[in-house]
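See below for the structure under consideration.
These numbers come from the heavy atoms of this one structure, side chains and all, not from hydrogens, waters or symmetry mates. Computed from a prediction, not measured in an experiment: that's the story for all the values here. In this chain, residues are counted from 1 in sequence order.
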Amino acid sequence: MTTPHLPSDFRVPAEWEEQEAVYLAATLDHALDPSLFTGETRTIRDVQLEIVRALYESVEIRILAQPDQEKVYRELMGQKDIDAGKVTFMDVAHCDIWVRDTGPVWGLSEELGAGLIWHGFNNWGYAPYIEGDWAECDIPNFIPRDLGRIIKKPVYRTSLVGEGGDRSFNGRGSMICCRAVEMNRN
């Protein structure tokens, strides 16, 4: 359910507060992998699986993955002795691994519980200059909507454009952010 009105008691929790789940997004086959440039053999998927291994016994891990990506991740988890049965895969279309930027900002209401804030996303302010696959990629604008539908949480739409990765919240109404990101790029 998408609605434009936030509950009056809605707040963004502090990053250190207890959380229900950690979200990751599967890498896409065409995504650039830093190992191609650094000469290291450690890939984005390797790092993500280290995150899964470190966290999945204490918090639910949810990975946004199309069916073909899920298959790859399940195979890799099997190779690394990670119990894929403890990981939830969600068929949510996405163009990048940076869920903190492209996905929702989470909020809490004492009365209504958790909800997702859906802000616009303009490919980090580079939208007019991007060529290739990214130039046509508008999927990040739909991650909050699609995720909210799957997990059955309310989605609150805003006309603001942003990227969540530059924001840190204290849970009491204060936010620290990067002026260049908020004012110049969005």
Side-chain angles (χ1 to χ4, degrees), residues 1-27 47-66 70 73 83-125 138-183 185-186:
M1 172 179 85
T2 302
T3 178
H5 304 291
L6 291 171
S8 61
D9 69 335
F10 208 63
R11 71 178 184 87
V12 177
E15 294 182 14
W16 54 84
E17 290 184 47
E18 186 176 334
Q19 56 193 61
E20 179 179 317
V22 170
Y23 288 83
L24 300 173
T27 60
V47 173
Q48 287 179 323
L49 293 178
E50 288 175 27
I51 292 169
V52 170
R53 182 186 304 285
L55 297 177
Y56 81 124
E57 294 292 349
S58 59
V59 67
E60 185 177 349
I61 302 293
R62 298 175 183 165
I63 299 178
L64 310 183
Q66 315 284 232
E70 178 180 344
Y73 273 71
D83 183 356
K86 293 184 177 180
V87 175
T88 302
F89 289 91
M90 305 178 123
D91 189 359
V92 175
H94 60 283
C95 287
D96 197 80
I97 64 168
W98 303 107
V99 180
R100 184 171 168 165
D101 284 344
T102 61
V105 172
W106 288 86
L108 290 173
S109 163
E110 291 296 323
E111 182 181 337
L112 301 173
L116 296 79
I117 301 169
W118 178 11
H119 58 81
F121 180 72
N122 67 1
N123 290 327
W124 299 279
D138 191 37
I139 292 173
N141 285 323
F142 301 111
I143 290 174
R145 178 200 66 194
D146 297 345
L147 185 58
R149 212 177 279 154
I150 290 172
I151 62 174
K152 296 178 176 42
K153 300 280 186 194
V155 178
Y156 303 99
R157 184 73 163 130
T158 176
S159 61
L160 298 175
V161 174
E163 52 199 76
D166 86 304
R167 300 175 185 148
S168 292
F169 300 91
N170 72 351
R172 296 181 177 175
S174 294
M175 176 182 81
I176 298 174
C177 62
C178 175
R179 180 184 299 252
V181 171
E182 295 293 329
M183 302 305 290
R185 294 198 324 218
N186 296 300

Checklist entry - If you take all heavy atoms of R167 and E182, which pair is closest and at what distance? => result NE-OE2, 2.9 Å
Item to check | Value rounded to 0.5 Å, distance of CH2 in W118 from CG in D146 | outcome: 7.5 Å
Item to check | Closest non-hydrogen atom pair between E111 and D9, with its separation | outcome: N-OD2, 3.5 Å
Checklist entry - Counting only N and O atoms by type, is there a donor-acceptor contact under 3.5 Å from the side chain of Q66 to the main-chain atoms of A26? => result no
Checklist entry - Does N141 reach the main-chain N or O of G120 with its side chain, forming a donor-acceptor pair under 3.5 Å? => result no
Item to check | W16 (side chain) donor-acceptor with N170 (main chain) under 3.5 angstrom | outcome: no
Checklist entry - Shortest non-hydrogen contact from S109 to P7? => result OG-CB, 3.9 Å
Item to check | Side-chain donor/acceptor of Y73 to backbone N/O of L49, under 3.5 Å | outcome: no
Item to check | Shortest non-hydrogen separation from L116 to P144 and the atoms involved | outcome: CD2-O, 3.8 Å
Item to check | W106 and Y23: CA distance, side-chain angles, deciding distance, ring-ring contact (aromatic ring centres under 6.0 Å, His included) verdict | outcome: CA-CA 12 Å; W106 288 86; Y23 288 83; 5.7 Å; yes
Next on the checklist: Donor-acceptor pair, distance only, cut-off 3.5 Å: does the side chain of R62 make one with the backbone of T88?
Outcome noted: no
Checklist entry - Counting N and O atoms only, with roles assigned by atom type, does the side chain of H94 sit under 3.5 Å from a partner on the main chain of V92, one being a donor and the other an acceptor? => result yes
Item to check | G148 versus V155, closest heavy-atom pair with distance | outcome: CA-CG2, 3.7 Å
Checklist entry - Rounded to the nearest 0.5 Å, how far apart are CE of M90 and CD1 of I151? => result 6.0 Å
Checklist outcome for this item: Scanning both residues in full, the closest heavy-atom pair of Y56 with R53 reads CD2-O, 3.6 Å
Checklist entry - Under the 3.5 angstrom rule, does the side chain of D101 hit a backbone N or O of G165 as a donor-acceptor pair? => result yes
Checklist outcome for this item: Rounding to 0.5 Å, atoms OG1 (T27) and CG (D96) come to a distance of 10.0 Å
